[in-house]
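Just so it is clear: chains get the letters A, B, ... in the order the sequence lines come, proteins before strands, and each one is counted from 1.
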Amino acid sequence: MAREIYAYKCRLCGTMHYPFRMLCKGCKQNDFFEFDTVPLPKTGKLLTFTTVYNLPAQYEVATLGLGIVELENGMRMLGQLEIEEPEIGMAVKGSVEVVRKETYDDYYGMVFTAA
Amino acid sequence: MRDVYVAGIGITTFTRLEYPLVEIASYASMMALKDAGVTEVDQIYVANMGAPRVNHQTALASAVADSLSLLPAGAAAIENGPASGAAAIKAGFQAVASGMDDVVLVTGVERMREVNNLEATDFVATLTHPLTEYIYGVTLPAHAAMFARLYMEKYGVTERHLAMVGVKNQNAALNNVWAHLQQGITLEGILDSPEAMTNNPYVAEPLRFFDACPVSDGGAAIILVSKEKAQELGRPMIRLSGLGQATDTHAVFEREEPTDLLAVRKAAKDAYEMSGLSPEEIDVAELHDAFTILEIAESEEVGFFPKGEGHIALEKGETALGGKIPINVGGGLKGRGHPVGATGVAQAWEIVTQLRGDGEKRQVEGAKTGLTLNFGGFGNNVVCLTFVRED
């Protein structure tokens with residue numbers, strides 16, 4: 001089964017959230033359990049990006065590509081990039097992979113490649 | 001609401017300091033107490049971001065109160081990321097303005113060099129959104145880099161403009177004995193020469209080494225007092241005349257227009273409104289240039305220049321000493337250094353120094369009004385202060 005990253009849709013007013021909010025930013029009415037999860041789309045276009053050379057502890061790689069992607073439903077997310085020469089506006093597609101390893105935990109997030 | 005005045009200021013050298021955290025805070029505080037001529041205070045606010053994590057110390061304000069023999073004054077630490085300093089000043093302002101307290105000590109302190117560079121970078125990165133930013137390995141330089149790339153694309157800012165901010169501020173620090181970086185730099189050396197890529201490598205493209213502030217230890221302190229107390233102490237009458245604070249989305253990617261810094265805009269607007277000043281009336285400013293791109297963007301958002309024209313004003317020298325609105329004449333975060341909790345207080349320290357006419361080689365002639373902008377998170381928590389000299 002393909003892994004997903006979820007957006008949160010308010011059951012009262014339909015506002016979509018990513019990241020999750022305890023209180024809806026649209027209607028400011030609901031409680032935290034009144035959201036439906038909706039998988040985020042995995043395709044979109046690259047809005048901006050960087051290659052980081054000075055990484056935090058835990059990263060045993062020389063450089064890390066990061067970018068903000070505008071997904072096809074108009075929502076945005078940050079993800080890691082595995083793209084040789086990124087360009088603003090290029091089409092990208094994502095898959096959910098391990099993006100950070102700590103001693104006892106693996107963290108999953110979106111990794112984008114050129115579409 | 002009562003008027004609030006700055007009666008005393010103090011600072012330590014910003015650099016790598018081999019002293020305990022409390023001593024760094026206390027040293028700056030002692031200078032401020034001495035400068036104001038007070039030995040007792042009603043209240044102490046200590047601004048600090050990393051003591052529990054980086055220095056393995058909690059309840060910092062209690063330790064500072066005792067170290068300075070200021071017992072039984074009230075004391076509390078304020079952690080508000082890189083905007084801790086100005087947030088603590090806000091707390092001090094409210095204490096005096098409300099009439100609850102007459103004399104308040106506000107100290108900002110950070111000792112980040114106790115850990116190595118990788119741990120310091122990770123510590124600062126913990127302010128990012130845990131589930132949608134931090135897990136990806138985002139750092140503050142990475143945020144600034146993605147922001148810079150958008151700014152370049154949209155407004156025609158170039159790597160040369162960024163380098164110009166770095167050269168301006170790092171060289172300005174040569175006129176400030178307390179500043180961390182005491183080494184002059186040139187565009188030739190960091191951008192144009194064949195050695196530039198070695199001298200000035202990328203840390204997060206398109207930002208290079210000299211686009212980022214150093215990791216520093218240091219402390220800064222100010223004494224806030226009521227009008228009656230200020231008159232009694234007889235120091236120059238510098239009034240903290242305006243204060244604004246605003247927040248923005250935690251996850252940077254959520255912002256509708258990613259090149260806007262709405263919290264900066266709102267904080268500045270509120271500070272101007274409260275003080276009755278307009279951007280044109282500010283004589284000297286301290287902006288939060290943790291990264292060179294931020295000085296350009298903030299100079300627009302606080303209203304000095306129209307959006308997208310900050311880099312043009314920079315080119316014309318309008319933000320340098322002697323220009324229309326001198327920015328970061330004491331080096332800014334880039335040259336003075338950025339001990340995160342201390343920075344907001346150090347900015348106020350610089351403005352008060354300027355309004356007192358004590359800036360020596362970096363003095364802005366006849367400065368009567370000043371502004372500080374303390375930028376927390378990546379623009380998600382911003383405090384703007386204005387100061388006015390009254391004679």
Side-chain angles (χ1 to χ4, degrees), chain A residues 5-8 15-22 25 40 44 46-71 74-81 85-89 94 96-102 105-112, chain B residues 53 115-154 197 200-209 211-212 215 248-259 291 293 378:
Chain A
I5 291 180
Y6 293 97
Y8 299 84
T15 301
M16 295 276 276
H17 301 79
Y18 178 78
F20 175 68
R21 297 286 196 295
M22 292 293 281
K25 64 182 175 185
L40 282 171
L46 191 58
L47 199 71
T48 183
F49 60 93
T50 184
T51 305
V52 185
Y53 295 84
N54 185 12
L55 291 165
Q58 303 116 338
Y59 281 89
E60 290 174 358
V61 291
T63 65
L64 183 66
L66 294 168
I68 294 176
V69 172
E70 191 152 282
L71 301 167
M75 297 182 77
R76 296 196 200 121
M77 74 179 300
L78 185 110
Q80 287 181 356
L81 303 184
E85 286 188 12
E87 273 175 50
I88 288 181
V96 180
E97 317 271 354
V98 173
V99 290
R100 188 184 196 103
K101 277 181 180 293
E102 286 181 7
D105 297 300
D106 287 344
Y107 291 87
Y108 285 84
M110 200 77 92
V111 178
F112 290 100
Chain B
R53 190 185 175 93
V115 295
N116 67 43
N117 183 32
L118 296 177
E119 287 178 46
T121 302
D122 182 57
F123 147 62
V124 180
T126 58
L127 63 77
T128 60
H129 194 282
L131 297 175
T132 66
E133 294 184 331
Y134 179 79
I135 58 156
Y136 289 102
V138 162
T139 59
L140 271 289
H143 266 317
M146 288 188 282
F147 180 80
R149 196 180 295 280
L150 286 167
Y151 236 79
M152 290 169 146
E153 180 88 357
K154 189 164 178 187
M197 266 317 267
N200 193 17
Y202 285 113
V203 292
E205 283 178 56
L207 299 185
R208 298 172 184 239
F209 180 77
D211 287 311
V215 175
D248 201 348
T249 61
H250 193 180
V252 174
F253 59 78
E254 265 198 292
R255 297 176 194 167
E256 202 165 327
E257 186 52 72
T259 47
F291 303 97
I293 183 66
F378 194 78

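For R255(B), the part sitting under 4.5 Å from any heavy atom of chain A is the backbone (N, CA, C, O) and nothing else. Both the backbone and the side chain of V138(B) come within less than 4.5 Å of a heavy atom of chain A. Of the atoms belonging to Y134(B), heavy atoms from both backbone and side chain fall under 4.5 Å from chain A. Using a 4.5 Å cut-off between heavy atoms, L64(A) contacts chain B through its side chain alone, with no backbone atom that close. Only the side chain of Y59(A) comes within contact range of chain B, with heavy atoms under 4.5 Å apart. For a residue to count as touching a neighbouring chain, one of its non-hydrogen atoms must lie under 4.5 Å from one of that chain's; by this rule M110(A) touches chain B with backbone and side chain alike. Of the atoms belonging to I88(A), it is side-chain heavy atoms, and not backbone ones, that fall under 4.5 Å from chain B.
Between chain A and the options T132(B), T121(B), N117(B), heavy-atom pairs under 4.5 Å are most frequent for T132(B). Highest contact tally toward chain B, considering only T51(A), I5(A), I68(A), is held by T51(A) [criterion: heavy-atom pairs under 4.5 Å].
Between Y18(A) and F253(B), the gap from one ring centroid to the other is short of 6.0 Å.
The number of heavy-atom neighbours closer than 6.0 Å to CD of E257(B), taken from other residues, nucleotides and ligands shown, is above 12. Enclosure of atom CD in E60(A) is not indicated, since only 12 or fewer non-hydrogen atoms of other residues, nucleotides or ligands lie within 6.0 angstrom. Heavy-atom contacts from other residues, nucleotides or ligands closer than 6.0 Å to NZ of K25(A) number more than 12.
Put simply, OH on Y53(A) and CD on E205(B) are 3.5 Å apart, with the number rounded to the nearest 0.5 Å. Taken to the nearest 0.5 Å, the CG atom of L150(B) stands 10.0 Å off from the CZ atom of F49(A). Taken to the nearest 0.5 Å, the CG atom of L78(A) stands 9.0 Å off from the CD1 atom of I135(B).
Heavy-atom minimum distance, E254(B) versus R76(A): C-NH1, 4.2 Å. Taking every heavy atom of both residues into account, A142(B) and T50(A) meet most closely at O-CG2, 3.9 Å. Across L47(A) and P258(B), no two heavy atoms sit closer than the pair CD2-CG, 4.0 Å.
Of the possible polar contacts, one joining the T48(A) side chain to the M146(B) backbone as a donor-acceptor pair under 3.5 Å is found.
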- Could you please spell out the steps behind the side-chain contact (heavy atoms from CB on, under 4.5 Å) verdict for T139(B) and V52(A)? CA-CA 8 Å; T139(B) 59; V52(A) 185; 4.2 Å; yes
